[in-house]
Each structure stands twice: as C-alpha cells, then as structure tokens.
There are 4 protein chains.
Amino acid sequence: MTPPNPELRNPRSHRAILDSTFELAVSKGYGKLTVEAIATAAGVGKQTIYRWWPSKGAIALDAINERMGHLTDFPDTGDIEADLRSQTTALAGLLSSDIGIVYRGVIAEAQSDPHLAANVRDAIVGPRSKLCRDRLERAVTAGQLRGDIPTRAMVQLLYGPLYYRFLLGTDDVQDAPELVGYILAGLRTHDS
Amino acid sequence: MTPPNPELRNPRSHRAILDSTFELAVSKGYGKLTVEAIATAAGVGKQTIYRWWPSKGAIALDAINERMGHLTDFPDTGDIEADLRSQTTALAGLLSSDIGIVYRGVIAEAQSDPHLAANVRDAIVGPRSKLCRDRLERAVTAGQLRGDIPTRAMVQLLYGPLYYRFLLGTDDVQDAPELVGYILAGLRTHDS
Amino acid sequence: MTPPNPELRNPRSHRAILDSTFELAVSKGYGKLTVEAIATAAGVGKQTIYRWWPSKGAIALDAINERMGHLTDFPDTGDIEADLRSQTTALAGLLSSDIGIVYRGVIAEAQSDPHLAANVRDAIVGPRSKLCRDRLERAVTAGQLRGDIPTRAMVQLLYGPLYYRFLLGTDDVQDAPELVGYILAGLRTHDS
Amino acid sequence: MTPPNPELRNPRSHRAILDSTFELAVSKGYGKLTVEAIATAAGVGKQTIYRWWPSKGAIALDAINERMGHLTDFPDTGDIEADLRSQTTALAGLLSSDIGIVYRGVIAEAQSDPHLAANVRDAIVGPRSKLCRDRLERAVTAGQLRGDIPTRAMVQLLYGPLYYRFLLGTDDVQDAPELVGYILAGLRTHDS
DNA sequence: TTCTAATCGAGACGGTACGTCAAGTCTTGCC
DNA sequence: GGCAAGACTTGACGTACCGTCTCGATTAGAA
C-alpha cells in the first residue's frame with residue numbers, strides 16, 4: 001500500500017545487499033545471479049530486498065553506480081584529443097573490469113525492462129554523457145571543434161564504437177581509444 | 001548420445017517453431033518468451049525443440065536471421081556517402097521493426113551466453129560487417145577514403161552509434177543515418 | 001524478560017483487539033485471520049498483541065469467551081429432560097452463530113497446540129460442563145437418573161453428538177436437541 | 001488447464017509422498033508439516049505434489065485412509081452390545097495411535113476447508129458410519145433395539161462421545177468403550 | 001510387408017527460483 | 001514503560017519454467 005520510509009531503513013542491510021550483489025554477479029556470472037542468493041549471502045530476508053528494489057537489475061545498477069566513482073569534471077588540459085583519449089581509456093578500463101561484467105548484465109536486463117533502461121540512462125549514461133558534452137562544448141567555443149554538429153551526436157560517435165565492442169564482443173574494448181583520433185578527424189574545424 | 005539426423009527432421013515442426021517463436025517474442029515481449037509457450041503454440045513437444053536448439057536465444061536467432069533477408073551486395077553507386085547512408089537507413093529500419101524487438105532480446109541473452117554471442121557474430125553481425133568492409137575497401141582503393149584506417153575500425157565507427165541508440169535507447173534509431181556524414185568527414189581523404 | 005504489568009495495560013487497545021479479532025474471524029474466516037490484520041484493524045502495534053497473547057488462537061478464545069455470556073445456573077425446573085433440552089438448544093444455537101465460526105477455528109488450532117487446548121477446556125468446556133454435572137447430580141439425588149453412571153460420562157453422552165455434528169458437519173447442529181430424549185432413556189432410573 | 005492424466009502418474013513418487021507425509025506428520029507434528037518438507041523427504045518436486053493434491057490436508061487424508069485398513073463387515077456375533085463394544089474399542093485404538101495424530105490434524109484443517117471436510121466425511125466417516133448403521137439395522141430387525149430411533153442418530157450417540165474425547169481431550173479415548181453400555185441402555189427395546 | 005529405428009506430440013518428473021504472505025522480533029519516537 | 005508504527009529475519013507458500021525423461025503413435029527405409 002504505502003511506500004516504505006527510507007529513514008527507517010537499516011543501513012547495514014542496505015550495504016550488505018549491494019556488496020553481495022556485486023560479488024555474486026562477478027563470481028557466478030550475472031546470468032546466474034538470483035535474488036535468493038543475494039539475500040542469503042547478505043544475511044537478509046528476501047522481503048527486505050523486494051521492499052527497496054523492484055528487480056535484481058535495479059540492485060545491480062545501484063551496486064555498479066556507486067562503484068563507478070565520482071563524477072569529477074572531465075579533464076580539461078586544453079588539448080581536446082588528449083582529454084577525450086584519456087577519458088575513453090578510463091571508460092574502456094571500467095568496462096573491462098568487474099564493473100563491466102555487472103554492467104553488461106544490467107544492460108541486458110534493461111532490454112526487456114523499460115523502467116530499468118530509463119534508470120540506466122538516468123544514473124549511468126546520462127551524467128557521464130553530460131560531462132562529455134560540456135567538455136566538447138568548450139572545445140567548440142574554443143574553435144577546436146565544428147559548431148554545426150550537436151554535441152549529443154558527438155558523444156554517440158565517440159562512445160558508440162566502445163559500446164559496440166563491449167556488447168557485441170567483436171574486439172577488445174581496451175583498444176577502443178585508438179578510434180578517438182579517427183572520429184575527431186571529422187569533428188575538427190579545418191584550421192585546428 | 002548420438003546427434004540427431006537432420007534428414008529425418010520434420011520440416012513442418014521446424015517452421016512452426018521458428019514462426020511461433022518470432023510471433024510470441026513480438027507479442028509477449030522477448031523477456032516473457034518461454035520454451036514451453038513456444039512448444040504449445042507450435043503444437044510441438046518440448047523435446048523436439050531441445051533436440052535441435054540449445055536455448056531459446058538460439059531459436060530466436062534463427063528466426064530473425066531468416067527474416068533479415070538476403071545478403072546481396074552492398075549498393076555501389078560510386079558515391080560512398082550515399083551508399084553508406086542508404087545502407088544505414090536500411091539497418092535502422094530493421095532495428096526499428098519487429099525484428100529489432102527480437103534481436104534486442106537475443107543480444108541481451110548473448111551477454112551471458114558466450115556461445116550464443118559467437119553465433120550472433122557469425123550469423124548476423126559478421127556477414128553484414130563483411131559486406132560493409134568490402135564496399136569501404138573499394139572506396140579506399142578509389143581514393144575516396146583514407147587508407148590508413150582499418151576498414152574493421154571504420155565499420156565500428158559507422159555502426160557503433162546505431163547500436164548505441166538501439167541498445168541504450170537514448171535516441172531514435174531511425175534518425176541514426178544523420179550521423180553518417182559526420183563520421184565520413186573524418187574518413188575521407190583530403191582531396192576527395 | 002519481565003512479564004508486563006497488567007495494570008498499565010491500555011483498555012482501549014485490549015477491547016479493540018478482541019473486537020477486531022472476532023469481526024475479522026467472522027468476516028474473512030478463521031483460517032484467513034492474521035495477527036497483522038488484527039493489529040491493523042484494531043489500530044494497534046503488533047507488539048501490543050504479542051505482549052498479552054501467545055497466539056491468535058488465544059485471542060480468539062478470549063474473544064468468544066466473553067461473548068458466550070454469563071454462566072448463570074443451569075435451569076432447574078425439576079423436569080430434567082426439559083432442562084437438558086433447553087440447555088442443549090441454547091448451546092446448539094451458540095454453535096450455529098458467529099461465535100460458532102470462531103469457536104470452530106479455536107478448536108482446530110487447539111489440535112496442534114496443547115496449551116491452547118488446555119485453555120479451551122478450562123475456559124469454555126470445563127465451566128459449562130460443571131454446571132451441567134451439577135444439574136445432573138441433583139437429578140440423581142432426586143432419583144430421576146441412575147446413580148451408577150458418573151455425571152462426567154453423562155455430560156459426554158449429551159454433548160458428544162453435538163460436537164460430532166459441529167466438527168464433522170454430518171448434520172445440522174440445530175437439530176441436535178432431538179437426541180436428548182434418546183440419551184436420557186438410558187440414563188433414567190426404571191421408576192422415573 | 002487440463003487435469004493431469006492419472007495413468008501417467010509415477011507410482012513410486014505417489015507412494016513416497018504418502019509415506020513421507022505420514023511419517024513427518026507423526027514425527028514433527030501435523031502443525032509443523034509443510035509441503036516443502038514432504039517434497040524433500042519424498043525426493044519429489046513440489047509441483048508433483050500440487051499436481052495431484054490441492055492441500056496438505058488432502059495428502060494426509062489419503063495417507064491415513066489407506067492406513068485405516070479394510071472395511072470388512074462389522075462383527076456380527078448376534079450380541080449387539082459385544083459387537084459395538086469391540087468395534088468401539090478398535091476405533092478408540094485407532095484414534096490413540098499414530099493415525100490418530102494425523103487424523104486429528106486433518107479434522108482441524110477441515111474446519112476451515114469445506115472441500116476437505118466433505119472428503120473426510122466421504123472417505124473416512126461415511127463408510128464406517130454406514131457399516132455401523134447396517135449392524136444396528138439388523139439389531140433393530142432382530143428386535144434388540146428400538147425401531148423408532150433413526151440409526152443415523154444412533155451412530156452419533158455412539159461415536160459422539162468418542163470424538164468429543166478425541167478432539168477436546170477431556171478424557172482418555174481408550175476408555176471410551178465403557179460408555180457403550182450407557183448408551184445402549186436407552187436404545188434397547190424394553191423386553192430385550 | 002513386416003520389422004526396426006528414429007522423430008514426433010504429449011506431458012509427468014525432479015528441481016530452482018520466483019514474488020508474496022505472515023510469523024514473531026526488534027527499534028524508534030511519542031505519550 | 002506501554003504504545004503505534006513499521007522494518008527486520010525467517011520460512012513456507014503456490015506458481016512458472018527449466019531441461020530430462022518416459023510414453024505410445026507415426027513414419028521411413030531395410031529386410
């Protein structure tokens with residue numbers, strides 16, 4: 001009936017659930033992750049999980065989100081290519097780590113769970129995308145990048161190939177930063 | 001013990017299974033697709049399904065593969081941008097159709113099923129990728145595109161943003177062809 | 001640890017619990033009665049219930065006990081058959097009423113709860129049995145009934161068929177008083 | 001949808017379920033009997049239980065029914081009192097045995113499950129009642145018992161006190177046969 | 001033409017996990 | 001300290017599917 005009161009939430013259980021979820025997803029594989037196993041591993045009742053999350057994907061999303069780290073500003077050394085390259089390298093490293101294993105599962109589950117998909121966009125993709133666009137915006141203002149391409153599109157040109165490799169497994173994600181140069185070639189102003 | 005003999009296979013059952021799978025995946029959603037429901041809908045015993053496919057993802061893969069149509073050659077009008085744009089438009093249309101609904105589910109399942117992932121690459125992604133690379137190769141030879149970028153990478157630059165939109169749902173896939181021009185800008189030779 | 005102090009008990013909560021229990025048991029059926037529902041309906045915390053009663057059967061027992069009415073003396077008109085018949089009719093009416101619905105549930109629960117069973121005997125069956133035996137005793141003294149049969153047994157001969165119908169549902173409990181005459185035939189002295 | 005086909009039933013599982021149910025009910029107590037425990041003990045899936053029985057009460061009923069033994073004819077030595085006494089003794093023994101423990105639980109559950117109650121009457125109470133009435137009928141015909149009392153009522157006079165002791169626990173069921181004489185006193189013809 | 005062998009529809013089976021319900025305990029803050 | 005409120009662990013519920021396993025009943029060459 002009434003939604004639970006977040007202030008009365010037990011922080012220990014909360015922590016244990018997120019931690020157990022992450023560890024189990026990594027060790028057993030996301031596909032074999034079950035709410036029951038999470039509850040057992042966290043020493044928690046299943047109801048406590050269902051009280052706060054609608055699906056295991058939602059838990060996993062929370063678990064990886066807090067592990068993806070602080071959204072400090074994008075690096076801004078003035079050199080847009082170097083900045084994008086270092087950022088892309090960081091993201092590629094993330095996707096290749098344990099976090100990537102779980103993230104992959106979350107994205108998979110989101111394919112048939114529109115609500116989860118929206119949460120992924122809001123919590124993970126959106127904010128990081130925003131930071132990237134901000135940096136790109138500055139490069140446009142500085143006359144380094146073309147002003148006639150929406151930064152929204154630029155972000156997709158940059159990250160698209162990364163996710164392509166990540167989700168289709170055609171190539172090693174870690175090598176994706178190599179592609180940055182090719183993309184930038186099309187985004188630069190002629191005199192930069 | 002012994003693998004089944006394909007010659008003794010009942011073609012009617014085969015057809016019914018693929019058709020029912022596709023229809024159910026579209027109507028109920030891939031996530032709610034079950035082998036049991038396929039068997040019932042196809043008027044087929046469950047064993048008959050398990051005799052020929054290892055998982056529902058494998059069935060769905062077969063079902064969409066035959067619906068994706070003939071792999072004729074890439075269009076080659078001599079105008080590389082027009083060719084890529086028309087090809088990308090075709091792919092975007094595909095991903096936005098019923099086939100896309102099922103394909104999305106197959107990719108999701110492939111995230112935790114390496115065997116299925118390999119099949120997706122071999123049956124769907126690879127062949128289409130190959131055709132694209134062939135066309136790109138010709139454009140390179142014709143001096144329209146830079147020769148110092150592997151066509152393998154070019155394909156990812158082109159299709160990456162498409163799959164990004166398809167799987168993350170940030171933007172309408174149908175609008176993806178707009179991005180082709182931006183990518184090509186970086187791939188062209190200076191004098192083209 | 002320490003048992004609660006009955007003097008500090010909130011009479012309003014006490015009343016609300018007993019009333020809600022009875023009403024819920026009647027309306028939803030004893031089998032679907034839950035402590036949680038009682039607490040909610042009574043506007044009371046669950047702990048308040050558990051502080052004063054060990055099980056829902058115990059609450060229900062209290063609830064029906066106070067509704068079964070004052071244990072005034074058995075009627076004693078001098079006509080033992082008429083007295084037993086009127087008494088039996090009263091009991092049959094009780095068992096056929098809402099009270100019977102709850103009583104049935106309490107007896108059921110008592111089958112696997114010896115403590116509750118003892119309470120049922122002490123609070124409900126015993127006292128009424130005692131009154132009946134007192135009346136029978138007077139009839140024995142008056143020479144109307146045989147003196148060689150324990151009144152304890154007589155009570156069971158009289159009430160047994162009633163409970164038989166009540167708990168096994170073979171016949172309408174309301175018709176049970178008809179049986180009194182048959183039983184008495186065997187209990188009378190020859191010259192009565 | 002469609003009810004399962006009894007011919008395809010696995011007899012080994014059937015047996016194991018009934019046996020495990022009986023043993024668990026006796027060892028743990030009927031109140032602590034769970035479908036899950038039965039399934040585990042019988043080495044059977046829960047679904048297999050739910051496929052064939054609607055509730056644990058129904059399983060337990062089957063289990064005790066087959067253990068209550070052959071419904072051979074009532075003894076008929078010509079001496080109605082001896083016959084009833086021996087029969088009552090047998091029933092009292094039954095109720096005092098392990099079977100009684102389970103039967104008690106079934107009757108309890110039947111109090112809030114009309115369908116089960118009907119099954120108890122049909123499978124247990126009814127047939128035994130019928131045999132008793134047949135014997136009583138013969139005694140009536142032989143002029144030993146009064147013809148103006150329905151045998152249906154006689155049965156309740158005889159068994160009522162037994163069930164009263166059994167379900168209310170006021171006295172030892174084993175001593176119930178003592179009561180037969182008192183009841184018969186009222187049922188006999190004057191010249192018998 | 002009968003025999004033999006494999007596939008087929010059907011569906012029961014032992015399991016695993018689901019998401020829900022309620023039990024009884026514990027904690028917090030008000031009266 | 002009792003109380004209302006409600007989150008907690010525990011454990012069972014009844015359901016849905018999984019993938020395996022009999023069953024007869026076709027069906028198809030091989031004898």
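At a cut-off of 3.5 angstrom, the base of E/dG14 holds no donor-acceptor pair with the side chain of D/Lys46.
As judged by a 4.0 angstrom heavy-atom cut-off over every strand, A/Thr48 is placed among the base-contacting residues.
Annotation: cation-pi geometry not satisfied between A/Arg104 and A/Tyr30 (NZ/CZ under 6.0 angstrom from ring centroid, within 45° of ring axis).
The CD1-C1' distance, from A/Ile59 to E/dA17, rounds to 14 Å in whole Å. Separating the CD atom of D/Glu36 from the P atom of E/dA17 is a distance of 13 Å, rounded to the nearest angstrom. Look at CH2 on D/Trp53: it is 18 Å from C1' on F/dT15, rounded to the nearest Å. The CZ atom of D/Arg9 sits 11 Å away from the P atom of E/dG14 (whole-angstrom rounding). The distance from atom CG of D/Leu33 to atom P of F/dG11 is 17 Å, rounded to the nearest whole Å. F/dG6 atom P lies 12 Å from atom CH2 of A/Trp52, rounded to whole Å. In this structure, the CD1 atom of B/Ile38 is 13 Å from the C1' atom of F/dC18, given to the nearest Å. What separates OH of D/Tyr50 from P of E/dC13 is a distance of 16 Å, to the nearest Å.
Each of D/Asn5 and C/Lys56 lies near DNA chain E, and the nucleotide nearest D/Asn5 is the one positioned closer to the 5' end. Place D/Asn10 and B/Gln47 on DNA chain E by their nearest nucleotides, and B/Gln47 ends up nearer the 5' end. If D/Leu8 and A/Val44 are placed on DNA chain F by their nearest nucleotide, the residue sitting closer to the 5' end is A/Val44. Residue-to-nucleotide proximity on DNA chain F shows that, of A/Pro11 and D/Thr34, the 5′-proximal contact is made by A/Pro11.
A salt bridge does not link B/Glu23 with B/Lys28: every distance from a Lys NZ or Arg NE/NH1/NH2 to an Asp or Glu carboxylate oxygen is 4.0 Å or more. In summary, D/Arg67 and D/Asp62 do not engage in a salt bridge, as defined by a charged side-chain N under 4.0 Å from a carboxylate O.
At the phosphate of E/dC13, OP1 or OP2 sits under 4.0 Å from a side-chain N or O atom of D/Arg51. The phosphate of E/dA12 has neither OP1 nor OP2 within less than 4.0 Å of any side-chain N or O from D/Ser13.
For the pair D/Ser55 and D/Glu109, the minimum side-chain heavy-atom distance is below 4.5 Å.
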### Query
Under the side chain to side chain contact (heavy atoms under 4.5 Å, CB included) criterion, do B/Leu61 and B/Trp53 qualify, and how do the steps go?
CA-CA 10 Å; B/Leu61 177 55; B/Trp53 291 276; over 6 Å; no

